[in-house]
Structures are given as C-alpha cells and as structure tokens.
Amino acid sequence: MTPERQKWWDSLPAEEKRVRRSIKWQQEIIAYNKAVMNDEFTCDYGYLKKQNREAKHAIKALHKQIAQRPVDNNGIVKCPACREVLCDTDFLEIKTPYCTDCGQNLRWN
C-alpha cells in the first residue's frame, strides 16, 4: 500500500473500515467461486451461483452504508445513489442522515 493510500485508510472511521473490509471479503468469495466453477468438474454450480448472487446483494447493501456527499445541482440537493431530491438549498435544515428513498448513508459536511 502506498503511503498516500495508507494515510487515507488511517483517516477513515472504524465503521467505514469495517464496511470496506466486508465488501472486500464478499468480492473474494465471488472470485473464489468463479475459479472453482471454471476448474472443478464436480462442483455444485447452482449453489455457487446462488452464493455469488447473495454476495453481490450484500456488496450493494454494504456500499449504501458508506457515507457519501449529496449532489447539489443548481440548488436542488439529490441523493448520490438514486438521484432522489432530498431538499432545496432554501431548506437545508432538513438534513437527514439517510436517503428516505434508497437508504444511502449521507455525509453533509
């Protein structure tokens, strides 16, 4: 890991580090299952495909736990994941920690 990347990693909150490690673990499961499906003649393809599908769903849910900044588009503030309108800049006191539509964790600062 480069020094810049290590500095970035050390600056992350503990919860975000946990989520990112979980995402990496799920990606490794998918890669391993794909390798087994390509090399093994006696594997249960249905089970491995199901396991990969579940891992992809888990990754999608875990990505929503990583806080992202809302997108400001000419005074209209939108969710970065689903593009749902969160508020108008005139009403910024209505800052929710999550998108009410998709559940994306939001970072307002």
Side-chain angles (χ1 to χ4, degrees):
M1 189 179 293
T2 64
E4 294 85 13
R5 180 94 173 151
Q6 184 65 46
K7 186 177 177 182
W8 168 80
W9 180 259
D10 293 339
S11 71
L12 293 176
E15 179 63 18
E16 186 169 342
K17 286 181 186 178
R18 184 196 64 77
V19 170
R20 289 181 182 273
R21 281 190 206 108
S22 296
I23 290 170
K24 181 71 173 165
W25 175 249
Q26 296 295 330
Q27 290 170 337
E28 289 174 2
I29 289 172
I30 292 171
Y32 176 78
N33 286 347
K34 285 182 178 181
V36 168
M37 286 191 289
N38 288 335
D39 294 337
E40 297 289 327
F41 293 110
T42 59
C43 69
D44 185 357
Y45 289 101
Y47 173 75
L48 293 177
K49 282 185 174 184
K50 182 179 177 184
Q51 193 175 28
N52 282 356
R53 189 171 44 251
E54 293 300 322
K56 288 176 183 178
H57 287 301
I59 289 170
K60 188 174 180 180
L62 286 166
H63 273 295
K64 289 189 181 214
Q65 291 182 14
I66 297 174
Q68 294 183 9
R69 286 190 177 91
V71 178
D72 188 350
N73 188 8
N74 296 330
I76 305 296
V77 181
K78 296 182 178 182
C79 173
C82 69
R83 303 295 187 205
E84 181 69 23
V85 175
L86 299 171
C87 61
D88 197 320
T89 52
D90 297 335
F91 302 102
L92 278 181
E93 65 273 1
I94 310 172
K95 293 180 181 177
T96 60
Y98 296 96
C99 174
T100 55
D101 193 47
C102 70
Q104 173 67 50
N105 191 0
L106 299 171
R107 177 178 52 197
W108 290 92
N109 53 5

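One is the number of the first residue; the rest follow in order along the sequence.
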Considering residues at least two apart in sequence or located in another chain, which fulfil the side-chain contact (heavy atoms from CB on, under 4.5 Å) criterion with D101?
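Counting only residues at least two positions away or on another chain, D101 forms a side-chain contact (heavy atoms from CB on, under 4.5 Å) with C82, E84, C99.
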Identify, with sequence neighbours excluded, every residue that meets side-chain contact (heavy atoms from CB on, under 4.5 Å) alongside K78.
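Listed in chain order: N73, I76, V85.
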Distance-only criterion, 3.5 Å: show the donor-acceptor pairs between side-chain atoms of residues 54-62 and protein atoms not counting sequence neighbours.
none

Membership question, hydrophobic clusters at under 4.5 Å side-chain separation (ILVMFWY): are I30 and I23 in the same one?
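Result: yes, single cluster for both.
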How many angstroms lie between atom CG of N105 and atom NZ of K64, to the nearest 0.5 angstrom?
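So the CG of N105 and the NZ of K64 are separated by 11.5 Å.
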Straight-line distance of Q51 CD to Q26 CD, nearest 0.5 Å:
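The CD atom of Q51 sits 8.5 Å away from the CD atom of Q26.
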Under 3.5 Å, sequence neighbours excluded: what are the donor-acceptor pairs made by side chains of residues 11-21?
residue : atom : partner : partner atom : Å
S11     : OG   : W8      : O            : 2.6
E15     : OE1  : R18     : NE           : 3.4
E15     : OE2  : R18     : NE           : 3.3
E15     : OE2  : R18     : NH2          : 2.6
E16     : OE2  : R20     : NE           : 3.1
E16     : OE2  : R20     : NH2          : 2.9
R18     : NH2  : Q65     : OE1          : 3.3

Applying side-chain hydrogen bond (donor to acceptor under 3.5 Å, both in side chains), name anything that partners Q6, two or more places apart in sequence or on another chain.
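D10.
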Residues in side-chain hydrogen bond (donor to acceptor under 3.5 Å, both in side chains) with N52, at least two apart?
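Result, side-chain hydrogen bond (donor to acceptor under 3.5 Å, both in side chains) vs N52: N33.
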Over all heavy atoms of both residues, which pair between L106 and P80 is shortest? Give the atoms and the distance, please.
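Smallest interatomic distance, heavy atoms only, reads CD2-CD, 3.8 Å.
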Mark yes when over 12 heavy atoms from residues, nucleotides or ligands other than Y32 sit less than 6.0 Å from its OH; otherwise mark no.
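12 or below, so no.
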